[in-house]
Amino acid sequence: MTSLPDVIETYIDAYNRKDVDGMMACLSDKVVFQNIADGQITAEAAGRETFREMAEFGASAFERRRQTVTNTVTVVDTTLIEVDYSAVVAKDLPNGWKAGQELVFSGASAFRIEDGMIASIIDES
């Protein structure tokens, strides 16, 4: 397992603490995000403002959440990570998750770095 680039490590730490400002500090102005579950895009954002709205909703949707990196590979400007994810849902959500429900699953993310900032994130579970 290779070490994570600092900006990704900082982003994941902020994500785990539900620190939206800390997450935003890691992102380029033109950041692009996609979440893919079961082969379908379930969330996407282009640009900082859209990403912030999504991140603020995500932070409020969970009592706690944690991504634990289990493997990493970096090739040029792209870092692929495998993660174990756990969370407790804070409120009933439109996708059917219920308040108090515990989530545990594994997934992967691809981060692309430009000029020391995260330019894109693709999450898949």
Side-chain angles (χ1 to χ4, degrees):
M1 181 164 84
T2 61
S3 64
L4 281 175
D6 289 343
V7 69
I8 297 172
E9 190 169 329
T10 300
Y11 173 86
I12 291 171
D13 178 62
Y15 177 92
N16 287 342
R17 292 182 289 110
K18 301 192 307 180
D19 174 5
V20 174
D21 288 337
M23 293 167 59
M24 297 303 297
C26 299
L27 305 177
S28 75
D29 289 338
K30 296 178 182 178
V31 65
V32 175
F33 172 84
Q34 283 189 330
N35 187 79
I36 301 168
D38 297 322
Q40 301 292 318
I41 296 173
T42 59
E44 59 187 334
R48 290 176 63 84
E49 288 307 310
T50 306
F51 188 97
R52 178 180 283 282
E53 291 171 13
M54 186 183 57
E56 287 174 346
F57 174 80
S60 70
F62 299 98
E63 291 177 23
R64 64 175 170 77
R65 64 185 185 184
R66 178 150 199 85
Q67 288 187 19
T68 302
V69 177
T70 60
N71 196 17
T72 67
V73 175
T74 298
V75 178
V76 188
D77 63 354
T78 301
T79 298
L80 306 173
I81 67 171
E82 292 177 324
V83 297
D84 287 337
Y85 181 83
S86 63
V88 175
V89 179
K91 58 187 175 186
D92 291 353
L93 298 175
N95 66 358
W97 291 346
K98 300 295 182 191
Q101 182 177 350
E102 291 188 44
L103 306 174
V104 177
F105 55 87
S106 296
S109 298
F111 291 85
R112 189 173 50 79
I113 308 296
E114 278 182 11
D115 299 322
M117 305 296 280
I118 297 170
S120 71
I121 306 168
I122 300 172
D123 290 340
E124 187 163 352
S125 59

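Note that the structure is predicted; figures quoted are calculated from it, not measured.
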Determine the minimum heavy-atom distance between [X] and [Y], stating which atoms define it.
X      : Y     : value
Gly22  : Ala14 : C-CB, 3.6 Å
Thr72  : Leu4  : CG2-CD2, 3.5 Å
Met117 : Leu27 : CE-O, 3.4 Å
Thr79  : Pro5  : OG1-CG, 3.4 Å

Distance, nearest 0.5 Å, that separates CD of Gln67 from OH of Tyr15: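 It comes to 5.0 Å.
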Pairs touching residues 45-61 that satisfy salt bridge (charged side-chain N to carboxylate O under 4.0 Å, His left out), sequence neighbours left out: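 Every pair satisfying salt bridge (charged side-chain N to carboxylate O under 4.0 Å, His left out) with a residue in residues 45-61: Asp21-Arg52, Asp29-Arg48, Arg52-Glu56.
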Salt bridge (charged side-chain N to carboxylate O under 4.0 Å, His left out) pairs, two or more places apart, involving residues 5-18: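 Passing the test, one end in residues 5-18: Asp13-Arg17, Arg17-Asp19.
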Counterpart residues, side chain to side chain contact (heavy atoms under 4.5 Å, CB included), relative to Asp38 (two or more places apart):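 Side chain to side chain contact (heavy atoms under 4.5 Å, CB included) list for Asp38, sorted by chain: empty.
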Derivation and outcome, side-chain hydrogen bond (donor to acceptor under 3.5 Å, both in side chains), residues Asp84 and Thr68: CA-CA 5 Å; Asp84 287 337; Thr68 302; over 6 Å; no
Intermediate values then yes/no, side chain to side chain contact (heavy atoms under 4.5 Å, CB included), Arg112 and Glu114: CA-CA 7 Å; Arg112 189 173 50 79; Glu114 278 182 11; 2.4 Å; yes
Tyr85 six-ring face occupied by Arg65 cation (under 6.0 Å, within 45°):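 Not satisfied by the 6.0 Å and 45° rule.
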Check against side chain to side chain contact (heavy atoms under 4.5 Å, CB included), Ile12 and Ile81: CA-CA 11 Å; Ile12 291 171; Ile81 67 171; 3.7 Å; yes
Phe57 vs Leu93, side chain to side chain contact (heavy atoms under 4.5 Å, CB included): CA-CA, chis, key distance, verdict: CA-CA 11 Å; Phe57 174 80; Leu93 298 175; 3.8 Å; yes
Geometric class of the Phe51/Phe33 ring pair [parallel <30°, tilted 30-60°, perpendicular >60°]: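 The arrangement is perpendicular - the two ring planes meet at more than 60°.
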Ile122: which of Asn35, Ile41, Thr78, Ile36 passes side-chain contact (heavy atoms from CB on, under 4.5 Å):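 Per the side-chain contact (heavy atoms from CB on, under 4.5 Å) rule, the option paired with Ile122 is Ile36, out of Asn35, Ile41, Thr78, Ile36.
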